[in-house]
Q: 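Can you keep this structure in mind? I'll have questions shortly.
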Amino acid sequence: MAKKHVLEFELVLQYDTILDLSNIEFDENELAYFVGSERKNNLPVGTQIYMLNQSGQLSAIIKCEHKVKSPPLLVGNSLYFATYDEKGNKVYAFDLQGNQLWEKDMKGYSIHKAVLDFYGNIILVTYDLTASVPACQLCSIKPSGEVNWIKNIDVAWTQPIILGENIYIGEGDGVAAFDVSGKRLWYHATGKCMLLQLIADQSNRYCHIPTSNDQMVMDVWTLDENGVVILKSPLPYQVAACSCNIVSDDIMFLISNFRTLCKINLINGDVVAQAGLYSVTTSAPQFFASNDLIVVSSHGRGNSHAELFDTDLKQLDSIKLLGELVCYKTNKKGSAIVITSDRNSSTSYIYRISIASSR
């Protein structure tokens, strides 16, 4: 009889306050870092950068003066993040011992995670709502804190991505590309629709863009490095939110309708397979080293479910977790960190989930 993959889970930590968190980052030793705001009486009381070690010990290694909404960017032994605060906005760099390396004043705040360009510069988007007309800026900053350039752009809907040496971003009603000097290369209009995410394929040649129009009808666009449309594929979903991940150059796994896991062929746009989820989620499916997928969803009654699927979207296992989903991510060593919270009891839970085999 063939072995079956199942989920094993461990409650690593139960924390006596609500953690309002962003995405998780892992370093080379698989220590987890994330931004969180502790909440008392359902109000944020400060923002910290937390580290979770292999023993399950949680420590706030960095305490921030301002609010932070964007996930940290972890590069080597440095963490970079931007603030979100009406009192002032900055970009910070800290080492992993909590020592500040530098800070830089910015006109606007940041909600998207920064990325590294081909040459190791930090690329981020800021939003300035104090201007008479809300403005966005695309910024390039050296790891030393020196600003390379700042470009005014239209409203940016997505986190920037790097494709080859160029920077792509969802801007206005389309997608824009910039080179590493900040020069605008091209702009491709996708029409009056919401750009849900930009994602590069594994060969670093194409940009895939799920979009949703005002009727919540979804398309997946594929653009090459010159902004030429390789594929525009309508999908049979009424979509209000979407998260996706790519396992190969021709397959995308996507969450649509909040609770449907889909496998999309990026060559012809066909829906290869789909599976209903236990409940709703807006988080992208994550891959284990075995290429099995984990999806965590919440049903709004104080609990979450982690579901394991193979790449044909056959469900292999499902487990129930305390608390509603906050965020989750798999690491290279074959496990996932899942963080949930129970606002009724002001408690947060941190789980470590891995795959085991059974007959």
Q: Look only at the side chain of Tyr15 and the backbone of Tyr349, and say whether a donor-acceptor pair between them is shorter than 3.5 Å.
A: no
Q: So, taking the atom named CG in Leu325 and the one named OG in Ser298, what distance separates them when rounded to the nearest 0.5 Å?
A: 4.5 Å
Q: Under 6.0 Å between ring centres: does that hold for Tyr33 and Phe26?
A: no
Q: Among all residues two or more places apart in sequence or in another chain, which pass the side-chain contact (heavy atoms from CB on, under 4.5 Å) test with Val272?
A: Lys263, Asn265
Q: Report the C-alpha distance between Leu79 and Leu96 in whole Å, list the side-chain angles of each, state the deciding distance to 0.1 Å, and finish with yes or no for side chain to side chain contact (heavy atoms under 4.5 Å, CB included).
A: CA-CA 7 Å; Leu79 279 166; Leu96 299 187; 3.7 Å; yes
Q: Can you sort out the partners of Glu8 under salt bridge (charged side-chain N to carboxylate O under 4.0 Å, His left out), two or more places apart, ordered by chain and number?
A: none
Q: Between Asp154 and Gly172, which heavy-atom pair has the shortest distance, and what is it?
A: OD2-CA, 3.6 Å
Q: Show your working on side chain to side chain contact (heavy atoms under 4.5 Å, CB included) between Val6 and Ile355 and close with a plain yes or no.
A: CA-CA 6 Å; Val6 296; Ile355 293 179; over 6 Å; no
Q: With Thr330, which of Asp292, Ile294, Ile24, Val338 fulfils side-chain contact (heavy atoms from CB on, under 4.5 Å)?
A: Ile294
Q: Using atom types as modelled and distance alone, determine if a side-chain donor or acceptor of Asp224 lies under 3.5 Å from a backbone N or O of Asn226.
A: yes
Q: The criterion is ring pair (Phe, Tyr, Trp, His ring centres under 6.0 Å); which residues satisfy it with Tyr168, sequence neighbours excluded?
A: Trp186
Q: Is there a side chain to side chain contact (heavy atoms under 4.5 Å, CB included) between Glu307 and Asp317 once you walk through the steps?
A: CA-CA 6 Å; Glu307 299 176 76; Asp317 198 13; over 6 Å; no
Q: Please check if the number of heavy atoms outside Asn77 that lie under 6.0 Å from its CG is greater than 12.
A: no
Q: Under 3.5 Å, side chain of Thr158 to main-chain N/O of Ile169, donor-acceptor pair present?
A: no
Q: First locate atom OG1 of Thr311, then atom CG of Asn291, and finally report the distance between them rounded to the nearest 0.5 Å.
A: 6.5 Å
Q: Rounded to the nearest 0.5 Å, how far does CD1 of Ile123 lie from CD1 of Ile167?
A: 3.5 Å
Q: What pairs with Ser341 under side-chain contact (heavy atoms from CB on, under 4.5 Å), at least two apart in sequence or on another chain?
A: Ile18, Val326, Ser348
Q: Report yes or no: does Ser357 contribute a side-chain atom to a donor-acceptor pair with the main-chain N or O of His5 at less than 3.5 Å?
A: no
Q: Decide if the gap between the ring center of Phe287 and the ring center of Phe253 is smaller than 6.0 angstrom.
A: yes
Q: For Arg184, give me all partners under salt bridge (charged side-chain N to carboxylate O under 4.0 Å, His left out), at least two apart in sequence or on another chain.
A: Glu171
Q: So, for Leu11 and Gln14, which heavy atoms are closest and what is the spacing to 0.1 Å?
A: CD2-OE1, 4.2 Å
Q: Step by step, would you call Thr126 with Cys139 a side chain to side chain contact (heavy atoms under 4.5 Å, CB included)?
A: CA-CA 8 Å; Thr126 63; Cys139 311; 4.2 Å; yes
Q: Apply ring pair (Phe, Tyr, Trp, His ring centres under 6.0 Å) to residues Phe94 and Tyr80 and explain how you reach the verdict.
A: CA-CA 7 Å; Phe94 281 80; Tyr80 304 95; over 10 Å; no
Q: Could you pull out every donor-acceptor pair under 3.5 Å between side chains of residues 142-151 and any protein atom, sequence neighbours left out?
A:
| residue | atom | partner | partner atom | Å |
| --- | --- | --- | --- | --- |
| Asn148 | ND2 | Asn121 | OD1 | 3.1 |
| Asn148 | ND2 | Ser140 | OG | 3.0 |
| Trp149 | NE1 | Val180 | O | 2.9 |

Q: Is it true that a side-chain atom of Thr340 and a backbone atom of Leu322 form a donor plus acceptor pair closer than 3.5 Å?
A: yes
Q: For the backbone of Tyr278 and the side chain of Arg259, can you confirm whether one donor and one acceptor N or O come within less than 3.5 Å of each other?
A: yes
Q: Please check if any side-chain donor atom of Tyr127 sits under 3.5 Å from a side-chain acceptor atom of Gln137, or the reverse.
A: no
